[in-house]
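Some notes on the structure that comes next.
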Amino acid sequence: MTQQPHAKPPTGQEQTSSAWAEGHRPAGSAPEAGSPGAGHTNSAWASGGIVFAGVLMLMNGVLAIFQGISALAKDDVYARIGDYVYKINLTGWGWILLVLGVLAVVTGASILMGQTWARVTGIFLASLSMLAQFLFLPYAPIWSLVVIAIDFFVIWALAVYRPADSRV
């Protein structure tokens, strides 16, 4: 007969089964290194996520540069909107997107090179990008929502990632 997961630990002189010892820890104790509950921030999702976040940030920057250039080059690329609370002319949006794009390209490349400062800067820039894309919604609604979702993933991946040498 096998022990149930909710079974009490063996008492007295009885031998502790390895299955019970591996599956249960005393309350308040930290998980052992290499155990399933240990360091969820270094999971494959977070570790692979940092590379993916760097690539996304790099590509997002390049696309923002193109988006900014197209807004600067010709004011009739995007549809004109009527009354909008956060109305900025397209030349202004072009410069905002161009600057954010250049900063995102530099930061994305630095994330891929493993620079520590780039993760904090990346979170900040992805947050600014989210805000800018929210304000840009009337001009390109579907594209803005896609970029907001990408920025959300970039922020998550950069926030949960912990390099192996900084573990306590």
Side-chain angles (χ1 to χ4, degrees), residues 29-168:
S29 70
E32 297 175 14
S35 69
H40 70 285
T41 57
N42 267 343
S43 69
W45 276 94
S47 298
I50 192 80
V51 174
F52 193 49
V55 170
L56 281 178
M57 187 146 216
L58 189 66
M59 293 309 300
N60 235 2
V62 169
L63 292 173
I65 289 170
F66 290 151
Q67 193 177 12
I69 289 171
S70 68
L72 284 172
K74 224 172 184 184
D75 270 352
D76 60 353
V77 172
Y78 294 104
R80 302 209 183 274
I81 56 171
D83 290 334
Y84 179 52
V85 176
Y86 308 109
K87 188 175 180 181
I88 298 176
N89 68 10
L90 283 175
T91 304
W93 276 119
W95 282 109
I96 289 169
L97 292 170
L98 189 64
V99 169
L100 279 175
V102 168
L103 292 173
V105 165
V106 170
T107 304
S110 298
I111 288 169
L112 292 174
M113 289 188 288
Q115 302 292 323
T116 304
W117 65 267
R119 288 197 319 269
V120 175
T121 306
I123 291 171
F124 178 72
L125 285 176
S127 300
L128 280 180
S129 175
M130 271 180 131
L131 180 63
Q133 291 299 327
F134 173 77
L135 297 176
F136 201 70
L137 270 169
Y139 295 102
I142 294 173
W143 179 251
S144 292
L145 289 175
V146 168
V147 174
I148 287 170
I150 290 170
D151 287 333
F152 179 81
F153 177 77
V154 168
I155 291 169
W156 172 82
L158 294 175
V160 301
Y161 177 72
R162 301 286 181 261
D165 56 336
S166 72
R167 280 188 259 169
V168 185

From L145 atom CG to L137 atom CG, the distance as rounded to the nearest 0.5 Å: 5.5 Å
Straight-line distance of M57 CE to L158 CG, nearest 0.5 Å: 7.0 Å
Non-hydrogen atoms of G94 and A71 that approach each other most closely: CA-CB, 3.7 Å
Nearest-0.5 Å distance, CG of residue L100 to CG of residue N60: 10.0 Å
Minimum side-chain heavy-atom gap Q67-W93 below 4.5 Å: no
L98 side chain near W95 side chain, heavy-atom distance below 4.5 Å: yes
Side-chain touch Q133/V146, heavy atoms, less than 4.5 angstrom: no
Beyond-backbone contact of V147 with S129, side-chain heavy atoms, under 4.5 angstrom: yes
Audit row: I155, M130, side-chain contact (heavy atoms from CB on, under 4.5 Å) steps and yes/no: CA-CA 10 Å; I155 291 169; M130 271 180 131; 3.8 Å; yes
S110 and Q115: side chain donor to acceptor below 3.5 Å: no
Side chain proximity check, F52 to F153, heavy atoms < 4.5 angstrom: yes
Heavy-atom pair with the smallest gap, counting every atom of A104 and G61: CB-CA, 3.7 Å
Straight-line distance of I150 CD1 to L63 CG, nearest 0.5 Å: 8.0 Å
Gap separating the CD1 atom of I111 from the CH2 atom of W117, nearest 0.5 angstrom: 8.5 Å
Nearest-0.5 Å distance that lies between atom CZ in F124 and atom CG in L103: 9.5 Å
